[in-house]
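No hydrogens, no waters, no symmetry mates; every other heavy atom, side chains included, goes into these values. Here the structure is a predicted model, which is why all the values come from computation and not from measurement. Here is how names work: the chains are called A, B, and so on, in the same order as the sequence lines, proteins then strands, and each is numbered from 1.
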Amino acid sequence: MRRFRGASSLPNVARTLAAAFVVTVAWPALLPAQPLPSAADLIARHITAIGGGEAFKSLTSIRQVGVMEMPSMGLSAQAENISAAPNKMAMKASIAGVGEIVSGTNGEVAWQLNPLQGPRLLEAQELTDAREAADFYGNLLFAADRFSKMETVGVTDFAGEKAYRVKLTRKATGKESTQYFSTTSGLLIGSEATQESAMGSTTMTMVLTDYKDFGGRKFPTRSEAMVGPNKIVLTIRDVSVNDVPDAAFAVPDAVKSLIRK
Amino acid sequence: MATFDTAWSIIRRTHWDTTYNGVNWLALRDELRPRAAAARTRGELRAVLSDMVGRLRQSHFAVIPQELADGVSGGNDSGEPTRGGGGWLGVTYRYLDGAMVLTAVDSGGPAGRAGARAGWTLEAIGGCPLSGRLAGLRLTGNSDPRSDQRQVALSAWQTTTRLLDAAPGDTLSVTFRAPDGRRLSPTLTLGEPPGVITKFGNLPPMVAHLTWHRVRQDGRTIGVIRFNTWMPVLSSLFDAAIDSLRTADAIVLDVRGNLGGVGGMSMGVAGHFVDTVLALGTMHQRGVTLRMVTNPRRVDTRAQPVRPFAGPLAIVVDELSASTTEIFAGGLQALGRATVFGSQTAGQALPSVPERLPNGDILYHAIADFIGASGRPVEGDGVRPDHVTPPTVRALVEGQDPALQAALIWAARQTGRPPVP
């Protein structure tokens, strides 16, 4: 979420175009006619705004802890996200009355452990998505290397803020995504991405807010993910860096049994 | 007004059908808003909200009072989740031939110890005859007479359950009538119910229980698993039951009276019986279509590799099997993995969420249509058993359980295991 996770094209192109049209009509007085900044420039501006590339290059791991909520269900979970270079990531959410939901990747395999559904190995596009999301440096610092196409396509309203809209195309898979950068702060404030799962393909809109400083680096401490009418809110309480042991990404025993020898 | 406006807006935003099942949603707001504004008590507002959601004529739309959802009724001041009552009489009952009939009696329970038996009629509660209330139930729902009959059965069961609801330790006078006309009117002290009290999100606290045992039938060993709700707290118990029954020749799942629960659990439970990813059906939300897919369970509770159970599978249902139970049973039936016994299910299978309103009450509202693996909506139709085996008073009096017995006999006769999809 804090990096350029594989977001994607909008499901409802017409709605987006309509929004862009309104912006085009309404904004000349606010933004004099000028060429849009390039996607690379916007990404560089975002990196500067969150602390600079050198600050993030010095990281080997990140741990975020907080609370995940599903307001429409009245559910709340203690959540922990960890990630490490070069391509490891894991998430744990503990929900009262349900148990611990775990997902992760060690860069090779990716898994989910859910008390309701049992252990599962991710395959195909799900596995690809997990690996791309776990690209510790690449998505943020080496975007030009990860995306074959990065294009600023306009200015729009996003989550109540004026934002540059950037379309990205993954070099490896051709998958498209959309990112939104604040015209005022330069920060990445959201994304739209197609998420693949065994249940099907869904478009997720993510809104990132409340950037806070943790040791000289800024992280969004609130993210709202909308999948259709369903909302998931993640509030980060603390961020620590370079303290995640490699063992934290070990394949769980139940998942080991699923890996074909 | 914030509560009314919020409830109206939530449904306007999340109902999957932009025709709102034929209801002019904007006009309905204009009609009901003045009544909501005039409501002076929570009860009056709830009546308006109930009227609003009732106009949709679909299952899974209701207003759950805050005190029920939070489990703080019954004089509990501690803030700990409690049930509004939930005391145990040791009986199950169903609406049968116009009366409420005991379909099972635990001999060690309060009613059983007092002499009540299966097949007897529950005639009065607290000195008030039940017949008047049951006769007063009006047909609701759509025009399908089978659906209406199931609706009456469900309403009758709900009415009776409310009347019997009291806390463990409370006393209740109940009149039972035997088929030969004898009456029994004990004052019963309600016991602690079997199972665990669980609370999932904004849903009210409920008792969840799961049991399993082995039965010998025609020389074969059949595992029988019963559970009353799809609550996450039972997931690990179901996994343990399957581990315990892997060597059985067949398995019978008894989900009669299981009104549903967390839909996602059906995908994991179904995965114990199939070896590929298969769709139990499809949820159609506004802008999102998701398949409810099985997750083949190739690991046991000790993280050891196993194959999903491949033996014959029977599922026993009745008119109180609803929602997630229908998604599960109907899905495995349509996929050819399970044979279903009993009575046609409730036909109430709309995926839903319990959302908190500004006044603390819960708006329980459906957010998706559900199309079964057969390609037909489950709402309204339900699951039609392959073998219709409803209970009869005579069979109950004779100690029989026609649906379960038919399932056991069928399971024992499946000498060759069918290929598991």
Side-chain angles (χ1 to χ4, degrees), chain A residues 10-12 15 68-77 93-101 111-124 126 192 194-205 225-232 251-261, chain B residues 10 13-16 69-70 81 198-203 208 230-236 239 262-272 277 279 282-283 285-306 352-356 362-363 365 367-368:
Chain A
L10 284 165
N12 189 338
R15 186 173 57 192
M68 186 185 294
E69 296 167 286
M70 285 163 272
S72 67
M73 296 291 294
L75 287 176
S76 178
S94 303
I95 307 176
V98 176
E100 210 168 70
I101 296 173
W111 59 86
Q112 286 182 353
L113 275 169
N114 180 334
L116 298 178
Q117 294 159 15
R120 192 166 75 85
L121 264 182
L122 306 193
E123 296 176 335
E126 268 191 292
E192 283 160 338
T194 299
Q195 302 290 312
E196 301 295 338
S197 77
M199 296 178 72
S201 177
T202 56
T203 297
M204 182 170 76
T205 300
M226 292 293 302
V227 181
N230 311 304
K231 181 194 286 188
I232 300 173
V251 179
D253 287 344
V255 175
K256 283 180 186 168
S257 297
L258 296 175
I259 299 172
R260 290 187 180 90
K261 302 291 188 290
Chain B
I10 286 172
R13 175 172 49 83
T14 61
H15 200 287
W16 64 98
D70 293 347
T198 184
K199 179 154 174 51
F200 184 79
N202 286 332
L203 290 174
W230 296 82
M231 280 292 127
V233 70
L234 297 183
S235 285
S236 60
D239 297 345
V262 180
M265 188 175 158
S266 66
M267 300 191 283
V269 170
H272 281 296
V277 177
T282 309
M283 288 194 300
Q285 292 177 257
R286 193 181 293 188
V288 181
T289 299
L290 294 172
R291 300 182 310 146
M292 299 280 282
V293 292
T294 58
N295 181 34
R297 305 296 290 271
R298 301 188 181 112
V299 180
D300 68 10
T301 55
R302 294 169 300 132
Q304 298 302 305
V306 293
S352 52
V353 294
E355 199 155 354
R356 182 80 64 177
I362 302 300
L363 177 68
H365 64 105
I367 57 169

- Flag if over 12 foreign heavy atoms under 6.0 Å of CZ, B/R13: yes
- Task: Go through the atoms of B/M231 and report whether side chain, backbone, both or neither lie under 4.5 Å from a heavy atom of chain A.
- Result: neither
- Name the region of A/P119, side chain, backbone, both or neither, that has any atom closer than 4.5 Å to a heavy atom of chain B. both
- Task: Please report the closest heavy-atom contact between A/S257 and B/A303, naming both atoms and the distance.
- Result: OG-O, 2.5 Å
- Query: Roughly how far, to the nearest 0.5 Å, is the CD1 atom of B/I10 from the OG atom of A/S72?
  - Reply: 9.0 Å
- Query: Does any heavy atom of chain A fall under 4.5 Å from the side chain of B/T289, the backbone, both, or neither of them?
  - Reply: backbone
- Which atoms of A/P252 approach chain B - backbone, side chain, both or neither, heavy atom under 4.5 Å: neither
- Task: Please state whether the side chain, the backbone, both or neither of B/I367 comes within less than 4.5 Å of a heavy atom of chain A.
- Result: side chain
- Query: What's the shortest heavy-atom distance between B/V293 and A/A198, and which atoms?
  - Reply: CG1-O, 3.6 Å
- Query: If we only count heavy atoms from C-beta on, is the B/V353 to A/M70 side-chain gap below 4.5 Å?
  - Reply: no
- Message: Can you tell me how far apart OG (B/S266) and CD (A/Q117) are? Round to the nearest 0.5 Å.
- Response: 8.0 Å
- Message: To the nearest 0.5 Å, what is the distance between OG on A/S201 and CZ on B/R291?
- Response: 11.5 Å
- Message: At a heavy-atom distance under 4.5 Å, which candidate from B/N295, B/L203, B/V299 has the highest pair count against chain A?
- Response: B/N295
- Message: Between B/V262 and chain A, with a heavy-atom cut-off of 4.5 Å, which part of the residue counts as in contact: side chain, backbone, both or neither?
- Response: side chain
- Query: Say you draw a straight line from CG of A/N114 to CE of B/M267; how long is it, rounded to the nearest 0.5 Å?
  - Reply: 8.0 Å
- Query: Atom CG of A/D253 and atom CD of B/Q304: how far apart are they, to the nearest 0.5 Å?
  - Reply: 9.0 Å
- Measuring heavy-atom distances to chain A, does B/R297 have an atom under 4.5 Å in its side chain, in its backbone, in both, or in neither? side chain
